[in-house]
Amino acid sequence: MKRYSVFAVAREALRYHQGWGRAWKSPEPKKKYDAIIIGAGGHGLATAYYLGKNHGLKNVAILEKGWLGGGNTGRNTTIIRSNYLQDASAAIYEKARSLYETMSQDLNYNVMFSPRGVMMLAQTQHEIRGYKRTAQANALQGVSTEFISPEKVKSLVPIINIDGPRYPVLGALWQSRGGTARHDAVAWGYARACSDMGMDIIQQCEVTGIRHKNGQVQGVETSKGPIDCQKLGIVVAGHTGVLADMAGFRMPVEAVALQALVSEPIKPCMDVVVMANTVHGYMSQSDKGEMVIGGGADGFNNYTQRGSFHHVEETVRALIETFPIISRLKMLRWWGGIVDMTGDRSPILSKTPVGNIFINCGWGTGGFKAIPGSGWAMAELMAKGHSSLTEEFSLNRFKEGKFIDESVAAGVAH
Amino acid sequence: MLVFKCPYCGIEADETELSPGGEAHLKRFGPGSSDEELEGYLFNRENPKGVHFERWRHVYGCGKWFHAARCTATLEVFGTYSAQTFGPPKEIIDIIKSKRPGWKWRNLG
Ligand SMILES: Cc1cc2nc3c(=O)[nH]c(=O)nc-3n(C[C@H](O)[C@H](O)[C@H](O)COP(=O)(O)OP(=O)(O)OC[C@H]3O[C@@H](n4cnc5c(N)ncnc54)[C@H](O)[C@@H]3O)c2cc1C
Ligand SMILES: [Zn+2]
C-alpha cells in the first residue's frame, strides 16, 4: 500500500495525479477462508481490521451485497459520543470514542474526526434530573461529561433560542470530547487497511444461505457461489433477522427505518453537535456548511431505505422552535436507513446457537460512534471466544433478564 | 406514507392517524411455560423482509385496534382485518398468495 502523506500529495501534484492506486482490491472470492464477515459496513470492516491487526487472523473475506459503506454507515448523521448511563455501554462506547481520536493516524486515512463537542439539551425537569444522573454516572465511569447551564449553552451555540415558549432550554449534558467524523472515510479507511493486510473485500456478493453441520458452521452460499469458512461473523444491521433466519435461529431484533436530511450549505454558524431528545431532533453543521438534521425512527418494521414526509415535518417543526434561524433554509437531500432495534436498545455482540457463528447487531439508531470499539471487541470475541467488552452484550441477556437498559436513559439514541 | 382501511369505521386512514402495535397473533406465554417460550414471547418478534402481519390502532379515529397484512420490503398493503381473530383470514392469505406466488412463512402459506 502506498502511504498517504503530504509528500505523496506533492509527488502526485507534480505528475498530474496519475499515480494514485486503488485504495482496495476487488478480488474474486476464494473457495475457503479462516473467517468470513458478512456485511461491509463500518462494524463488519472494523471487525475484520482488528481480527488482522490484533489477532493475526488475515485469511479473511468480507462479503457485501451492495457496495461497502452503503448501508447505515453511509447514511448516518455521524454523531460520536460516549455519555451513556450503564457501565457496559460506557465501556464500549468510550473505547470507540478514544479509538476515533487516533483513527486517522492508525489507518493512514483522514477520517476527519472532529471532536467539536456534543450537547444534549435538557428541555424538561425530567431531563435535567436524568442528565445530571448521567453526568454523575459518567464521572464514575471515567467518561468526561458535565451538566451545563442555559447561559453556557447559549455561549457555545449563539444561534439557539433558550427561552422557547413550549420547550425552553434548561441546561444540557455536555461532552466536549464527542463530535463527528466523515462516515464514508471510516468505511473506506478500514477497507483500505483490510485489503492491505491481504483480506478480500467482495462487493456485490449477497449471502443467500448459511451452511452448518452438527451445530458447526461450514460456509455460506452467495450470489458468487459457495464459500467455506471456519468462523463466520454476521454484521448486517437491518438485515440481521434475514441472516439469522438463514442460519436457523431467531434474534430479538426488528428492522425499522430511520431518516435524516441536510439543508443547503450556509456559512459556519454552529460548531458543536446539538441533540434535543424531548422534541426528537438533532443537528450539526457539516464541513460543507450543510445543516445535518435527524429525527426519530418509525414505529413499524420496514426494509425500504426511504423516509416519509410527516417525519421530516415533525423533526423540522420541533427544531425550528429551538433554532429559529433555520426556518427559511431549503432542504437539499433526504434519505433513510434500516436500523436494527433490540428490546433494550442496546447492541448484541455474541456467540449464537450455531458453533463458530458470531453476531454483531442491534446498534439501532446509534452505532456509528461505536464502530472502532465494536470491531475491536467483536474481533476479540471471534478470535478468542470471549471478550470483556462483549460479555454483557450477549444474546443470553434477554433470557436472563439482564438488560442494558439505555432506552430510558437515552431517548433518541444517536 | 402508509394508508390502511380501518375495518371498523371503513375510513382510509393515513399513517399519521394510526399507531403501530407490532407483531400480530402473538401467542402469550406466562407462568408455567419454559424460559425459551417466555423469552420468545417477550423479545423474539417476527421480522420478515416481505409479508408481515401487524396490529395497528386507529388512534385518531375510532380508537380501535385492528390487524393489517403488509409487505415490509415494498410497503404494499395486502389488506386489513378485524382484531377478533387468532390468525389472518383466508381472503387475506389468498390476496397475499396471488401477489406473492410461493409465499410461505412459519406455519402459514
Ligand atoms: C438516518 C440515520 C442516522 C444515524 N445517525 C447516527 C449518529 O448520528 N450517530 C451514530 O452513532 N449512529 C447513527 N446511526 C446508526 C448507524 O448508522 C448504525 O448503527 C451503523 O452505521 C451500523 O453499522 P453496521 O456496519 O452495523 O451496518 P451497515 O452500515 O448497515 O452495514 C451492514 C451491511 O451489511 C450488508 N448486508 C446485508 N445483508 C447482506 C447479505 N445477505 N449479504 C451480504 N451483505 C449484506 C448491507 O448491504 C450493509 O452494507 C444512524 C443511522 C441512520 C439510518
Ligand atoms: Zn377506525
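Predicted model only: the values in this text are computed from it and were never measured. Letters go in sequence order (proteins before strands), and every chain restarts at 1.
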### Task
To the nearest 0.5 angstrom, please state how far the NZ atom of B/Lys99 sits from the CD atom of B/Glu76.
4.0 Å
### Summary
Residue from A/His311, A/Met251, A/Glu314 scoring the most non-hydrogen pairs under 4.5 Å with chain B is A/Met251
### Query
Side chain, backbone, both or neither: which part of B/Ser19 has an atom under 4.5 Å from a heavy atom of chain A?
neither
### Task
Test the A/Arg75-A/Trp335 pair against the cation-pi criterion, namely NZ or CZ under 6.0 angstrom from the six-membered ring centroid and within 45° of the ring axis.
no
### Summary
Under 4.5 Å to a heavy atom of chain A? For B/Glu46 that would be both
### Message
Side chains of A/Glu206 and A/Thr208: any donor to acceptor distance under 3.5 Å?
### Response
no
### Task
Answer with side chain, backbone, both or neither: which region of A/Phe249 has an atom nearer than 4.5 Å to a non-hydrogen atom of chain B?
neither
### Query
Which answer fits B/Leu2, side chain, backbone, both or neither, if we ask what part of it has an atom under 4.5 Å from a heavy atom of chain A?
side chain
### Message
Only pairs of heavy atoms separated by less than 4.5 Å count here; which of A/Ile338, A/Asp344, A/Asn301 has the most with chain B?
### Response
A/Asn301
### Query
Thinking salt bridges, do B/Arg70 and B/Glu54 make one under a 4.0 Å N-O criterion?
yes
### Message
How about NZ on A/Lys224, more than 12 heavy atoms from neighbouring residues, nucleotides or ligands closer than 6.0 Å, or not?
### Response
yes
